[in-house]
Amino acid sequence: MTQIFKKIVAWTYETVFGESARTVCDGSLESQGIKRVAAGDPSKSVSYVSSNFLNLPAEVWCGGERLTLSEYSRFLVEGSSMVPRGVLSGDLLLCKSGAQSESRFAIVSVDKDYYDDKNKELKFDFKLRHTLLQVSESETEEALAGRLEKINPDILLDENKENFRKKYKGAARYLDDPKRQVFVSETFRNGHLRYSFNPVDLISYSALYAMRRMGDHWKVINLKEECPA
Amino acid sequence: MSGIECINLLAFIQLLVTADITLFFLDENGYLAKLYKKFIEELDKKASGTLKEASRSEHQALRGLVSPEGRKIIAKMRRYVDRIKFLTGRTPDYDGWSMLGLYGGIYGVVCLILIGLTHSSLDFYQKEFILVFAQIVLLLQFIIILRLIALKSQYQRNIVRIIMLVTGTIFATALIVFFDTKFDFFHTFENPFVIFSVLILFMPYIVAIIHIAFSLLQLKYNLLRCRLLYKHLYSQGK
């Protein structure tokens, strides 16, 4: 009943308001070499409040470490799916290419075929995920759940178990392909945990630091240290 | 409707204009944006103590200091903690609110024009006032739309939608007015219609108040559940 009500509300909102509008033109982002990453569903638009990226400093400090921004790929986070893991919408991520062992925040290229199959139009090329572990070859659902439980106890909850089971089944196209390694990650929808399975080869970058505008200065968060799992 | 009521109605319209424009031009330095940020900061402060307690328990759980039953309690706590963090860290949908103001304004104004044009029981001067002010509001709404067009951002889809909605609403209005002139039907449901129009005019405020109240309730609930679980965990001696 609640689901039907939610669907009616969502449908009404979409019909009346259309897609979420955006406050700023983001042409300035491209000129700064900043790409956008979806923290949430990459087929949905999200709105954010503009931070002034035109006055980005060339260097920032993070706990005694000097970071030169030009040495990193920069991504603007759009969406609130990583808020429970400390990355907010509007944060600027400083990233290195490929999967880095020091960070669990992965910038994953969106699998276009997957969204084509679901008949969804993509709004983003990248999505942000918090990686948990890599799936071993022919690892069963139970074994994988057991390993996840050792990382953190979230999987002990019935709703998470159910979501994990559903996602594991949905990821068969990746898991059955012996050429592809798959990783399990987590994301949050309205603050509720959702598991996600993605191939390792789709990890384009790893986020090492997050820059957050605090009035007229930038707060730099070390994601390598603050990673909880 | 008495003269005083009519003036109140006009005051509502003026409030709406202020709300629309303020909401639309909201940015990080906007007064309402600052106020909303303060609200989020307050939520954050309310939550910080509980979050610290939960974080301490979680670290112990991950080090294996708690029983299997305790780990399940920790999992439940983590669920509430994630929810609290989401409630205190999400970015408000300013765009959604500003669009809400815009739509509310357009619908509300069309409703008022309808009151002015039809065979309502209001006297001539009151109807004149309503019509004049409704037109001013409408003009301001169009200025907002022009600004949206000038931005040339991803608003464009919404603009098409706005134009379609406004055109549709004007056609519907014309039909109702035609129906009323033919059958003199309007005065029978005038008062509910005025109330309905005012409610639409106030929609941005109503939504904001409901949103804030709902956020506070959600936070209170999650904090309470989290604290209860924390006590339960410690009463079990972990």
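By convention in this document, chain letters (A, B, ...) are assigned in the order of the sequence lines, proteins followed by strands, and residues within each chain are numbered from 1.
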A:S196 meets the side-chain hydrogen bond (donor to acceptor under 3.5 Å, both in side chains) criterion, sequence neighbours left out, with A:R129, A:N198
Test your reading of the model: is there a side-chain donor-acceptor pair from B:R78 to the backbone of A:N152, 3.5 Å cut-off? no
Could you tell me which non-hydrogen atom of A:P153 sits nearest to which non-hydrogen atom of B:A75, and how far apart they are? O-CB, 3.1 Å
Do you know the tightest heavy-atom contact between B:K72 and A:L157? O-CD2, 4.4 Å
Rounded to the nearest 0.5 Å, what separation is found between the CG atom of A:D154 and the NZ atom of B:K76? 13.5 Å
Worked check of side chain to side chain contact (heavy atoms under 4.5 Å, CB included) between B:R79 and A:L193: CA-CA 8 Å; B:R79 176 174 64 189; A:L193 177 71; over 6 Å; no
Give, as side chain, backbone, both or neither, the part of A:N160 having an atom under 4.5 angstrom from any heavy atom of chain B. neither
Under the salt bridge (charged side-chain N to carboxylate O under 4.0 Å, His left out) test, residues paired with B:E69 that sit two or more places apart: none
Listed partners of A:Y195 passing ring-ring contact (aromatic ring centres under 6.0 Å, His included), at least two apart: A:F164
Using heavy atoms and a sub-4.5 Å threshold, report which of residues 81-88 of chain B line up against chain A, by residue number. B:D82, B:R83, B:K85, B:F86
